[in-house]
K.L.:
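One structure coming up, written as structure tokens, with questions to follow.
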Amino acid sequence: MLHPSRIRLTALSLVAIAITFAVSAQNAAAIPVHAMINGQDTIIGDLSASNGYYQNDPNTNKLLETGSFTLDMAYKAYMHDADGCQFRWFQIVTADASPPNYLGNPPTVPYTDPPSNGWDYERTPPNDFTNGTPGADNSPFYEDNPGFGGTFDYNNFHSEAQGTSRTEDRPGLPNGNLQFQTYLVFINADLASKMMFIPLIGYSWGGTGDGTKGTSFNGPTIINPANFDFTLMQNALNADGFAAWKPTTGDIVCVPEPSTWVLLIFSVTALAVGQSRNYARSRRT
Amino acid sequence: MRISLPEVVAFLSIAGIAAGNSVVNNSHSLRISVEPGSGPNQFRILIANISPEPVRIWKEQCSWGYEAFALEVKSGDKPPKLIKPRTISWRRNLPQFRTLEPGEKYTLNYGADDWPGLLTAGKQRLQIRAHYTVRSDEDATRANVWTGHVQSEWTGLEFQIAGQK
């Protein structure tokens, strides 16, 4: 049997561990994600998010933020890359004491992170925004489109088979305030052709620094659709190369692409021909 | 940013500890050197894979790669100082790596103004030594990138701040 002093010590240790964890990261429990399907408000999955200091940073001035969406597999037809139906992430910055350079100049808040073709520091070689190779694609989504390559490739950020899509960032804290809003959004081929996307749920998060280290962090705080600020989102899109894009509302729809239809028609035709040959053969014998 | 000699020693000690904890490669896989650049006040750091196997290194487009470099600078009889590259406001920032094939060299071009504290005033001949330090952590393990510390030989470079003799 444990001595009471040992129990007390163990309890105190557990409390200390709990406090340490509480001050180094915050988590938002799984939040239902709503979408409109055939005009009906439908829960299609859930979102988990976290924010805290990035503990492995030797300079102790970075945050570590994560977001993870899990689709209810009853709605798996809405996550289908082949038809352009995707759950992506849209991230904006609403306060920034020291924005990085985009095409040689820091954007003013609100702005989209990353900007079209990426930050100057993401280029190869870095900061060569005239001749350097862009470090991001030109879609407004946080993760790059499939095939762009690198860690940010959309394929590395989601699993259609598992119905998951995730995001992550480890931004440096400036001497002052830095605030983000990150949204899970839906896009399909039709919306993409109109340069539109449907935000489903968001969360705000951020922190402050003193120029050498982080001094506080906040969030994630869930932003429900009723509180979406579409003007803020549009201003963020306008700030760094995405003025043609628009956040919108409405049903999420996944219509098979023409190539999928061709495949479907070909399969049905092949099946029908096979059946008819079998029938003809059975009549002959 | 100026750093004192005791901090240099502490920095290199930590680097040594990190190298000791390396799980993917050893310090003999990479060699770094410093060369004059193509223009005034410019220089290069070359990082070469001298091992018979491919070596992964963090890209300089993310904080893991960019902040891995430091310069040790000597001028005349003054004690050496360690300086870090200009601070970047990282926004989208996740670990990314590139692969150096056996014998491959990767060149990073810098201007003197990329290193706050490198130049003080006027024309200067400086002795520069580059340090490359990558911590061993779960990201490095997951990406299987090189971890440890290497430093270049001392190289003499001449700089001049515009408008001064």
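Chain letters run A, B, ... following the sequence lines, proteins first, then strands; residues in each count from 1.
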K.L.:
Checking the side chain of B:Q61 only, and the main-chain atoms of A:R123 only, is there a donor and an acceptor separated by less than 3.5 Å?
P.N.:
yes

K.L.:
Heavy-atom pairs under 4.5 Å with chain B: which of A:P125, A:P99, A:G135 has the most?
P.N.:
A:P99

K.L.:
Please state whether the side chain, the backbone, both or neither of A:A136 comes within less than 4.5 Å of a heavy atom of chain B.
P.N.:
both

K.L.:
A:E65 versus chain B, heavy atoms under 4.5 Å apart: side chain, backbone, both or neither?
P.N.:
neither

K.L.:
Flag the one option from B:L108, B:N109, B:T107, B:N93 with the top tally of heavy-atom pairs under 4.5 Å to chain A.
P.N.:
B:N93

K.L.:
Is there a donor-acceptor pair closer than 3.5 Å between any side-chain N or O of A:S98 and the backbone N or O of B:S89?
P.N.:
no

K.L.:
Can you find a heavy atom in the side chain of B:C62 that is under 4.5 Å from one in the side chain of A:R170?
P.N.:
no

K.L.:
Taking atom CD as the centre, does B:E153 end up with more than 12 heavy-atom neighbours from other residues, nucleotides or ligands that are less than 6.0 angstrom away?
P.N.:
no

K.L.:
Check whether A:D113 gets within reach of chain B through its side chain, its backbone, both or neither, counting any heavy atom under 4.5 Å.
P.N.:
side chain

K.L.:
Check each atom of A:D96 against the heavy atoms of chain B and say whether the ones under 4.5 Å are side chain, backbone, both or neither.
P.N.:
side chain

K.L.:
What distance do A:N101 atom CG and B:I88 atom CD1 have between them, rounded to the nearest 0.5 Å?
P.N.:
9.5 Å

K.L.:
At a heavy-atom separation under 4.5 Å, does B:L94 approach chain A through its side chain, its backbone, both, or neither?
P.N.:
both

K.L.:
Show the nearest heavy-atom pair for residues B:R92 and A:Y142, with the distance to one decimal.
P.N.:
NH1-O, 2.6 Å

K.L.:
When rounded to the nearest 0.5 angstrom, what is the spacing between CD in B:E60 and CD in A:E122?
P.N.:
12.0 Å

K.L.:
Going through the checks in order, is the salt bridge (Lys or Arg N to Asp or Glu O under 4.0 Å) test met by A:D169 and B:R91?
P.N.:
CA-CA 8 Å; A:D169 198 3; B:R91 292 299 169 264; over 6 Å; no

K.L.:
Does any backbone or side-chain atom of A:L178 lie under 4.5 Å from a heavy atom of chain B? Answer side chain, backbone, both or neither.
P.N.:
side chain

K.L.:
Roughly how far apart are A:Y54 OH and B:S63 OG, rounded to 0.5 Å?
P.N.:
7.5 Å

